[in-house]
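Every number for a ligand or one of its atoms is a count from 1 in the order of the listing.
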Amino acid sequence: KVKEDIPLKHGAHRIGKRTDAYMQHWREYGLGQFIHWGVYAIPGGQWNGKTTQYAAEWFRTSGLISKEEYDNLYKEFNPTGFDAKQWAKMAKQMGARYMIFTTKHHDGFCMWPSKYTDYTIANTPYKKDIVKELVDAYTEEGIDVYLYFSIIDWSHPGYVSGGNINSADIKKMYQEGKNHNPFKTERQAGLYEEFKTFTRNQLFELLDDYPQIKGLWFDGSWDVAWVKNAGWVDTLGLELREKHPGLIIGSRFRSDEFGNRHEDANGYLIDDYDQRYERNLPKDLKETKGFDWDCVMTIPENQWGYHRDWTLTYIKTPYDLIGMIVQANSLDGNFVINFGPDGKGNFRPEEISIAKEVGKWMSVNNEAIYGTHHSILEKQDWGYSTQKDSYIYLTVLNKPMNNLLKVKVPRSKTKDMIYVIENAQYLSTKKVAKIQDGGRDKFGSVFYDIVIPKDIQKLNEPFVIKIKLKEVN
Ligand code: FHN
């Protein structure tokens, strides 16, 4: 028996993927850059000789700095080293095709001169509009810009958290219809109305001021007060889309009326792509449920903003990140690497070198990433495969000890036909790959052994073999 959908007022507005050109373009990015930058970059996780182990962009809550001290940091924000054009060049060289920038993180500090608050870049010694500089510079380099916007805003008197809808007890209470009221007083409830108007104004302001942007990237929408306003948020989303045709918004903006985030009560994706993958990747296509998605990834374990001490956790290597770029694209997602510049506007040397290494690899192998999707090959131990038209890209992350790469090619869906590899070539050397018959299994899959030559054996990095399949009988 087919389960009937629950009628929802504020669930998904579409079943299945967006099919327009804007979203098709989004799907083909492959690689993006995230930048977390704000006044938290000044302390960089340290204050009066003490270091927070926790995420540096949450420093206001670290207990190492008083709220008052933190809220006055902006008076020192003067990133004299900031060069938007250079940042955009670095992103371009890394191979990023979109960029997400924190216009406002949870502390509420605005990197643009918002007219709705004084807590902005305009009132720092730097004065200039950082969002504008970045939007212009990245757009100039052909990199699409998305604006990160935190719903949580600790600087606004009307902002109330009311708890996290992700916590099991709150979610249960909410879903059972028990009145979980996020507001302790009526005055608080009234002030929250002001906060909603303020949030709405700021979002329209961003769309007005930076019309080139392609989308808004929301965060902090797990707050119960926001979730409680699902209907209002839904309308706001529709208004934003009306104002900015093609606007792309992920699943972190709103919930349905039952407090479900990302997927509504019927299992449909809310808004344009799944934003659940933060510091983790789906393991297979089944897990993605066929949704569009991107994954945002930190280089240390969980530091988004600048933290002075990068010895606290493991730091991902360029090859860790390249492996993840390929994994994401092989599962139809985009991969986004986060950077956290310091208080002067400089990227730390480790980030510069990672961007260079990733860029070096991308410049040779980006054909395996841009515009590709999951391939018809099943996941194999040597790495991941992506596909574009009839070409399949095998990205080898685990080189076999015997230098014979066993590739399993599936059975064709056409009766009595099988797939054979028509030709194969290394993307880095452009040389033809030597292929040997590797046998068949009883299900009709064909195996090939690709003989890895000396020059590729010597490589100390992932490599790509581009193969073309042909159906024969
Ligand atoms: O709390 C934030 C965190 O600081 C960071 O901005 C990430 C990026 O996705 N989002 C939140 C945690 O989910």
Side-chain angles (χ1 to χ4, degrees), residues 31-45 52-65 70 73 96 98-111 131 134 145-156 159 161-167 170-171 199 215-227 248-255 261-262 270-282 293-307 310 312-313 316 321 324 328 333-342 351:
L31 177 62
Q33 181 193 41
F34 207 157
I35 297 182
H36 273 70
W37 199 34
V39 292
Y40 42 78
I42 299 174
T52 182
Q53 307 278 321
Y54 194 60
E57 72 282 1
W58 277 74
F59 198 64
R60 190 175 186 271
T61 64
S62 66
L64 301 181
I65 189 169
Y70 187 93
L73 281 176
Y98 70 124
M99 189 276 263
I100 307 156
F101 182 69
T102 50
T103 58
K104 174 173 103 165
H105 203 259
H106 308 335
D107 59 10
F109 179 72
C110 301
M111 297 293 265
V131 175
L134 286 171
V145 181
Y146 290 73
L147 300 183
Y148 168 108
F149 184 93
S150 168
I151 299 302
I152 295 176
D153 185 334
W154 299 323
S155 76
H156 193 280
Y159 165 74
S161 156
N164 187 331
I165 191 74
N166 295 329
S167 60
I170 293 189
K171 176 113 197 170
T199 303
L216 294 167
W217 205 101
F218 289 95
D219 205 3
S221 51
W222 55 78
D223 260 2
V224 176
W226 187 253
V227 172
I248 294 176
I249 298 177
S251 64
R252 284 199 201 186
F253 177 52
R254 63 184 183 96
S255 324
R261 301 179 68 231
H262 307 294
I270 300 180
D271 290 328
D272 305 331
Y273 66 98
D274 194 344
Q275 275 186 298
R276 259 177 294 206
Y277 302 100
E278 173 173 314
R279 298 191 293 120
N280 72 305
L281 282 156
W293 61 274
D294 73 359
C295 161
V296 290
M297 186 61 73
T298 47
I299 298 174
E301 202 174 296
N302 185 21
Q303 297 291 344
W304 299 86
Y306 175 70
H307 196 301
W310 261 24
L312 297 173
T313 63
K316 294 176 191 75
L321 295 163
M324 292 177 191
N334 287 322
F335 189 74
V336 184
I337 307 176
N338 180 73
F339 292 77
D342 69 15
E351 285 183 341

For this session: For the pair F253 and F218, name the ring-plane relationship: parallel under 30°, tilted 30 to 60°, perpendicular over 60°.
Result: tilted
Exercise. According to the interplanar angle, ranging from 0 to 90°, do the rings of Y148 and F34 count as parallel (below 30°), tilted (30 to 60°) or perpendicular (above 60°)?
Worked result: tilted
Problem set entry | salt bridge (Lys or Arg N to Asp or Glu O under 4.0 Å) partners for D271, two or more places apart | R241, R254
Using a 3.5 Å cut-off on N/O to N/O, what pairs does ligand 1 make with the protein? A line per pair would be great.
| from | atom 1 | to | atom 2 | distance (Å) |
| --- | --- | --- | --- | --- |
| ligand 1 | 1 (O) | W58 | NE1 | 2.9 |
| ligand 1 | 1 (O) | H106 | NE2 | 2.7 |
| ligand 1 | 4 (O) | E57 | OE2 | 2.5 |
| ligand 1 | 4 (O) | W58 | NE1 | 3.2 |
| ligand 1 | 4 (O) | H105 | NE2 | 3.1 |
| ligand 1 | 6 (O) | H36 | NE2 | 2.7 |
| ligand 1 | 6 (O) | H105 | NE2 | 2.8 |
| ligand 1 | 6 (O) | Y148 | OH | 3.4 |
| ligand 1 | 6 (O) | D219 | OD2 | 3.3 |
| ligand 1 | 9 (O) | R252 | NH1 | 3.4 |
| ligand 1 | 9 (O) | E278 | OE1 | 2.8 |
| ligand 1 | 10 (N) | D219 | OD1 | 3.3 |
| ligand 1 | 10 (N) | D219 | OD2 | 2.5 |
| ligand 1 | 10 (N) | E278 | OE1 | 3.4 |
| ligand 1 | 13 (O) | E278 | OE1 | 2.8 |
| ligand 1 | 13 (O) | E278 | OE2 | 3.0 |

Donor-acceptor contacts, no H, no angles, side chain residues 54-61, under 3.5 Å, sequence neighbours left out:
| from | atom 1 | to | atom 2 | distance (Å) |
| --- | --- | --- | --- | --- |
| E57 | OE1 | W304 | N | 3.2 |
| E57 | OE1 | G305 | N | 3.0 |
| R60 | NE | D71 | OD1 | 2.8 |
| R60 | NH2 | D71 | OD2 | 2.9 |
| T61 | OG1 | W58 | O | 2.7 |

Exercise. Ignoring hydrogens and geometry, is there a side-chain-to-backbone donor-acceptor pair from S221 to R252 under 3.5 Å?
Worked result: yes
Problem set entry | V131: partners by side chain to side chain contact (heavy atoms under 4.5 Å, CB included), with sequence neighbours left out | F101, T103, M111, W112, D129, V135, L147, Y210
